[in-house]
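Below you'll find the structure, written out as structure tokens, and then a few comments.
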Protein chains: 2
Amino acid sequence: MPNSPIPGAVCDETEHRPHTHIKRADGIIQDTATLFSALGDIERLRLMELLFDGPHCVSELAEETQSSMSLISQRLKILNQAKLLKRERKGKHIYYSLADKHIVDLLSNAFEHADEIDE
Amino acid sequence: MPNSPIPGAVCDETEHRPHTHIKRADGIIQDTATLFSALGDIERLRLMELLFDGPHCVSELAEETQSSMSLISQRLKILNQAKLLKRERKGKHIYYSLADKHIVDLLSNAFEHADEIDE
DNA sequence: TAAACACTTTAACAAACATTAAACTGTTTA
DNA sequence: TAAACAGTTTAATGTTTGTTAAAGTGTTTA
């Protein structure tokens, strides 16, 4: 038996079997990494959690998280650049909210996962 | 009209309206941030993309990404600590694969989102 | 139009992170 | 049991990141 049977991934003793891969475009992978990276900070994730319950302006978020507006603004900038948020000015205030349903689902899914494997 | 009507989030001129929030446990938020943070690096995300198509051992991943085994091992460690992977030794080799369907869904969803907003 | 308000940007700095190279651990084969 | 193989860990280094404080922008009210 020169080489082992089917299974998608088995190392031959001397060389590896080629796998069939769905190769995504580099830009997509980079954008996705940027998205995850933006969510990968506990303070920014807390902002997302607040925005989960509806739009907020910067000063509301600052108040609710006991942080300076400067800090909130910088965190929102990172989330916004990762295309996770919508922005809308209303008079003096600028309201932020989750970009779309994809983002809502992504967050729900991740929180749910963390909750389940909470050994 | 002393204060404006319903909408979940409107700043009063002088003070903010309390919002009703679904507050998740701190541990859940922290675990979720760790998960996102692990995925928030393009090289680790590439590993996840490869594992999307089935289990791989460390040397296969090293070969397919043109990286040293040491580097792959360290990247896998971070993904594994974030509970994104399963690990199984078979003889000389250690096979890694995606932890569960949640993770598969999370990745699909994120890639899809990145693909859609690809203006 | 000047002052106040809401928010953003910049620069400086400390803390966290990714990579390299080398030493180390565990499993298998000779 | 010794050598080879597959993978992990450690320490050192340079880079990136998050925070603070201060200056700057745009909108609204007096």
Side-chain angles (χ1 to χ4, degrees), chain A residues 4 9-17 29-30 33-48 51 55-82 85-97, chain B residues 4 9-17 30 33-48 50-51 55-82 85-97:
Chain A
S4 34
V10 174
C11 278
D12 188 311
E13 244 47 57
T14 48
E15 63 174 315
H16 296 134
R17 203 77 62 67
I29 305 266
Q30 180 57 73
T34 300
L35 181 152
F36 282 134
S37 178
L39 295 171
D41 174 84
I42 192 164
E43 300 304 333
R44 288 194 297 264
L45 196 56
R46 272 193 230 281
L47 291 182
M48 293 299 280
L51 295 175
H56 290 66
C57 66
V58 181
S59 37
E60 283 175 326
L61 293 170
E63 198 181 290
E64 295 200 34
T65 61
Q66 312 262 53
S67 311
S68 69
M69 274 215 293
S70 166
L71 200 38
I72 298 299
S73 182
Q74 288 174 86
R75 288 174 184 156
L76 288 171
K77 187 182 188 182
I78 288 169
L79 292 167
N80 196 45
Q81 283 175 337
L85 299 180
K86 271 188 308 206
R87 226 175 96 101
E88 189 189 358
R89 183 180 270 275
K90 277 190 180 164
K92 282 199 270 193
H93 293 273
I94 296 178
Y95 285 88
Y96 285 88
S97 49
Chain B
S4 35
V10 175
C11 278
D12 188 310
E13 245 47 57
T14 49
E15 62 173 317
H16 296 134
R17 204 77 63 66
Q30 181 57 73
T34 300
L35 180 152
F36 281 134
S37 178
L39 295 171
D41 174 84
I42 192 164
E43 301 304 334
R44 288 193 298 263
L45 195 56
R46 272 192 230 281
L47 292 182
M48 294 299 280
L50 293 177
L51 295 175
H56 291 65
C57 67
V58 181
S59 36
E60 284 176 325
L61 294 170
E63 198 180 289
E64 296 200 33
T65 62
Q66 313 261 53
S67 312
S68 69
M69 274 216 293
S70 166
L71 199 39
I72 298 299
S73 182
Q74 288 174 88
R75 287 174 184 156
L76 289 171
K77 187 181 188 184
I78 288 170
L79 292 167
N80 197 45
Q81 283 175 338
L85 299 180
K86 271 188 308 206
R87 227 176 96 102
E88 190 188 358
R89 183 180 270 274
K90 277 190 179 164
K92 281 199 269 194
H93 292 273
I94 297 178
Y95 285 89
Y96 285 87
S97 50

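Heavy atoms only: backbone and side chains are in, while hydrogens, waters and symmetry mates are out.
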Closest nucleotide among [options] to the [X] side chain:
| X | options | result |
| --- | --- | --- |
| His93(B) | dT19(C), dC7(C), dG7(D) | dG7(D) |
| Asp41(B) | dC7(C), dA18(C), dG7(D) | dA18(C) |
| Arg75(A) | dC7(C), dT19(D), dG7(D) | dT19(D) |
| Leu71(B) | dT19(C), dC5(C), dA18(C) | dT19(C) |
| Gln74(B) | dA6(D), dT10(D), dT8(D) | dT10(D) |
| Met69(B) | dG7(D), dC7(C), dT19(C) | dG7(D) |

Item to check | Ala33(A) backbone acceptor or donor facing Arg44(B) side chain under 3.5 Å | outcome: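 No: the side chain of Arg44(B) does not pair with the backbone of Ala33(A).
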Rounded distance in Å - [atom1] ([X]) to [atom2] ([N]):
| X | N | atom1 | atom2 | value |
| --- | --- | --- | --- | --- |
| Lys77(A) | dG18(D) | NZ | C1' | 14 Å |
| Lys90(B) | dG26(C) | NZ | C1' | 19 Å |
| Lys92(A) | dA3(C) | NZ | C1' | 11 Å |
| His56(B) | dG7(D) | NE2 | P | 12 Å |
| Leu47(B) | dA18(C) | CG | P | 12 Å |
| Ile94(B) | dC5(D) | CD1 | P | 17 Å |
| Gln81(A) | dT17(D) | CD | P | 11 Å |
| Tyr95(B) | dT27(C) | OH | P | 16 Å |

Next on the checklist: Heavy atoms only, 4.0 Å cut-off, all strands: where does Ile78(B) land among base, sugar-phosphate and nothing?
Outcome noted: sugar-phosphate
Checklist entry - At under 4.0 Å between heavy atoms, what does Ser70(A) touch on the DNA or RNA strands: base, sugar-phosphate, or nothing? => result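 Result for Ser70(A) = base.
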Item to check | Toward the 5' end of DNA chain D, by each residue's nearest nucleotide, Arg89(A) or Gly40(A) | outcome: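 Closest to the 5' end, via its nearest nucleotide, is Gly40(A).
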Item to check | 5'-most by nearest nucleotide on DNA chain D - Leu76(B) or Arg44(A) | outcome: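 Result of the comparison: Leu76(B).
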Next on the checklist: Quick check on dT8(C): is either OP1 or OP2 less than 4.0 Å from any side-chain nitrogen or oxygen of Tyr96(A)?
Outcome noted: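 Checking Tyr96(A) against dT8(C): at least one side-chain N or O falls below 4.0 Å of OP1 or OP2.
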Item to check | Side-chain donor-acceptor pair present, Glu63(A), Ser59(A), cut-off under 3.5 Å | outcome: no
Checklist entry - Side-chain contact, heavy-atom cut-off 4.5 Å: Leu61(B) with Leu51(B)? => result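 Leu61(B) reaches Leu51(B) side chain to side chain.
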Next on the checklist: Are the side chains of Glu60(B) and Tyr95(B) in contact, using a 4.5 Å heavy-atom criterion?
Outcome noted: yes
Checklist entry - What's the shortest heavy-atom distance between Ser67(B) and Ile72(B), and which atoms? => result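 Closest approach of Ser67(B) to Ile72(B), heavy atoms only: CB-CD1, 3.8 Å.
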